[in-house]
Number of protein chains: 2
Amino acid sequence: MGQAEHSPTREILRRLKAQWVEFLRSHSLNTTQQRENIVDAFLRSQEHVSIDQLLARVRKRNPKVGYATVYRTLRLLVESGLANPRQFEDGQTRYEVAGAHHDHLICVKCNMILEFESEEIERLQEQVAARLGGFRVLRHKHELYCLCPKAQGIPGGHCPNEKE
Amino acid sequence: MGQAEHSPTREILRRLKAQWVEFLRSHSLNTTQQRENIVDAFLRSQEHVSIDQLLARVRKRNPKVGYATVYRTLRLLVESGLANPRQFEDGQTRYEVAGAHHDHLICVKCNMILEFESEEIERLQEQVAARLGGFRVLRHKHELYCLCPKAQGIPGGHCPNEKE
DNA sequence: TTCAGTGCAAAATTTTTGCATTACG
DNA sequence: CGTAATGCAAAAATTTTGCACTGAA
């Protein structure tokens with residue numbers, strides 16, 4: 001199964017950390033051991049982490065962190081724009097690092113996942129949101145469920161998955 | 001809660017109902033009063049219904065239908081392809097009628113859900129898919145998580161939810 | 001009549017909250 | 001020190017399951 005990994009660059013991570021510090025400051029929130037542990041573990045994670053996974057990682061360093069703190073901190077991470085929640089079909093909410101965001105193209109036959117980005121689409125999204133009543137887009141999800149040329153039965157069609 | 005309308009045509013509804021009957025038949029499932037009530041209420045619903053909403057509607061006609069039956073029937077509806085589950089970020093799973101596809105704009109503050117369509121975006125999606133390797137787009141999900149003007153703190157800003 | 005389907009309530013899951021205690025600033 | 005934040009456990013909220021009873025075929 002094709003899995004696209006997106007590791008945020010060190011540069012992005014630095015910016016996100018700064019954003020977090022600024023968020024704490026501007027909301028008069030304290031810096032605590034636990035929050036630091038959780039945020040660091042979250043930013044270090046390179047995929048969509050569930051609460052459980054995140055808690056497990058945090059506890060390796062600081063064994064007595066509780067569930068509630070992870071939930072509360074994750075809520076702050078979402079509010080501050082560092083984390084995006086995603087619901088897959090397993091009933092667990094997972095969180096992805098903002099800035100590692102990509103849209104996905106999925107071939108429904110071979111399950112390959114490609115990523116894409118389109119500035120034009122993003123621009124149109126904002127137009128749509130503005131037109132519908134002055135909304136500001138915070139984030140989005142965009143998934144295209146497709147058939148690759150091969151699965152379409154096109155003569156000589158390839159699946160990018162198997163090329164090269 | 002503001003819900004945009006997008007009614008499947010009578011023609012589509014008829015086809016879906018036929019699909020349901022065929023599903024029951026081919027899986028040797030019984031037709032029951034409750035299943036009929038639930039499926040009809042679901043197909044009649046013109047937005048994304050949550051379990052609660054659907055149960056409430058069903059109980060108007062048949063007051064002693066239980067939660068469990070709704071859950072179980074909805075699972076069948078998903079299996080049969082009549083319903084698509086959607087997880088927005090308000091913690092409730094919602095279901096939309098297949099064939100009544102639309103994209104969504106969600107206000108993360110008031111949880112209002114609006115629908116939108118943009119031919120331009122759809123055209124760009126196809127361009128993207130073609131460019132990535134000759135893919136054909138079968139369907140897609142597109143969700144914009146936004147803040148309404150009021151939630152943005154814009155002076156005099158309204159939430160379309162409360163206008164009029 | 002038979003057994004799939006239902007309703008209820010209890011269990012399992014996931015997330016939130018109340019409150020005494022800890023520790024940041 | 002004062003009070004925001006934590007940890008724990010209890011409460012909510014959502015979904016699933018067990019089981020005796022009902023009703024479709």
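So you know, we letter chains A, B, ... as the sequences are listed, proteins then strands, and number each from 1.
Nucleotide D:dT6 holds its C1' atom 7 Å from the CZ atom of A:R72, rounded to whole Å. Taking atom CD of residue A:Q33 and atom C1' of nucleotide C:dA23, one finds them 11 Å apart after rounding to whole Å. Distance CZ (B:R75) to C1' (C:dA4): 15 Å, rounded to an integer number of Å. Atom CG in A:N37 sits about 16 Å away from atom P in D:dA5, given to the nearest Å. Rounding to whole angstrom units, CZ of residue B:R25 and C1' of D:dA25 are separated by 16 Å. In this structure, the NZ atom of A:K64 is 8 Å from the P atom of C:dA23, given to the nearest Å. Distance, A:L24 CG to C:dC24 P: 14 Å, rounded to whole Å. Atom CD in B:Q87 sits roughly 14 Å away from atom C1' in C:dT13 (whole-Å rounding).
With hydrogens and angles disregarded, no donor-acceptor distance shorter than 3.5 Å links the side chain of A:R86 to the backbone of A:E96. Distance alone, capped at 3.5 Å, places no donor-acceptor pair between the A:E126 side chain and the A:V137 backbone.
Close to D:dT14, at under 4.0 Å from its OP1 or OP2, lies no side-chain N or O of B:T93. Contact annotation: A:T32 reaches the phosphate of D:dT6 (side-chain N/O to OP1 or OP2, under 4.0 Å). Residue A:Q34 places at least one side-chain N or O under 4.0 Å from the OP1 or OP2 atom of D:dG7.
In the set D:dT16, C:dT15, D:dG18, the nucleotide with an atom closest to the side chain of A:I51 is C:dT15. Comparing D:dG7, D:dA24, C:dG7 by their closest approach to the side chain of B:T69 singles out C:dG7. Checking C:dA9, D:dT14, D:dT6 against the side-chain heavy atoms of B:Q92 singles out D:dT14 as nearest.
Using cut-offs of 30° and 60° for the angle between ring planes, the B:H142 and A:H142 rings count as parallel.
Taking CG of B:D103 as the start and CD of A:Q125 as the end, the distance is 9.5 Å to the nearest 0.5 Å.
The 5' end of DNA chain C is approached more closely, in terms of each residue's nearest nucleotide, by B:N62 than by the other of A:T31 and B:N62. Toward the 5′ end of DNA chain D lies the nearest nucleotide of B:D52, the other residue of the pair B:D52 and B:N30 mapping further downstream. Along DNA chain D, the nucleotide nearest to A:L29 and the one nearest to B:Y71 differ in position, and the one closer to the 5' end is contacted by A:L29.
Using a 4.0 Å heavy-atom distance criterion, B:R35 is classed as a sugar-phosphate-only contact.
Looking at every heavy atom in both residues, B:I113 comes nearest to B:I106 through CG1-CG1, 4.2 Å.
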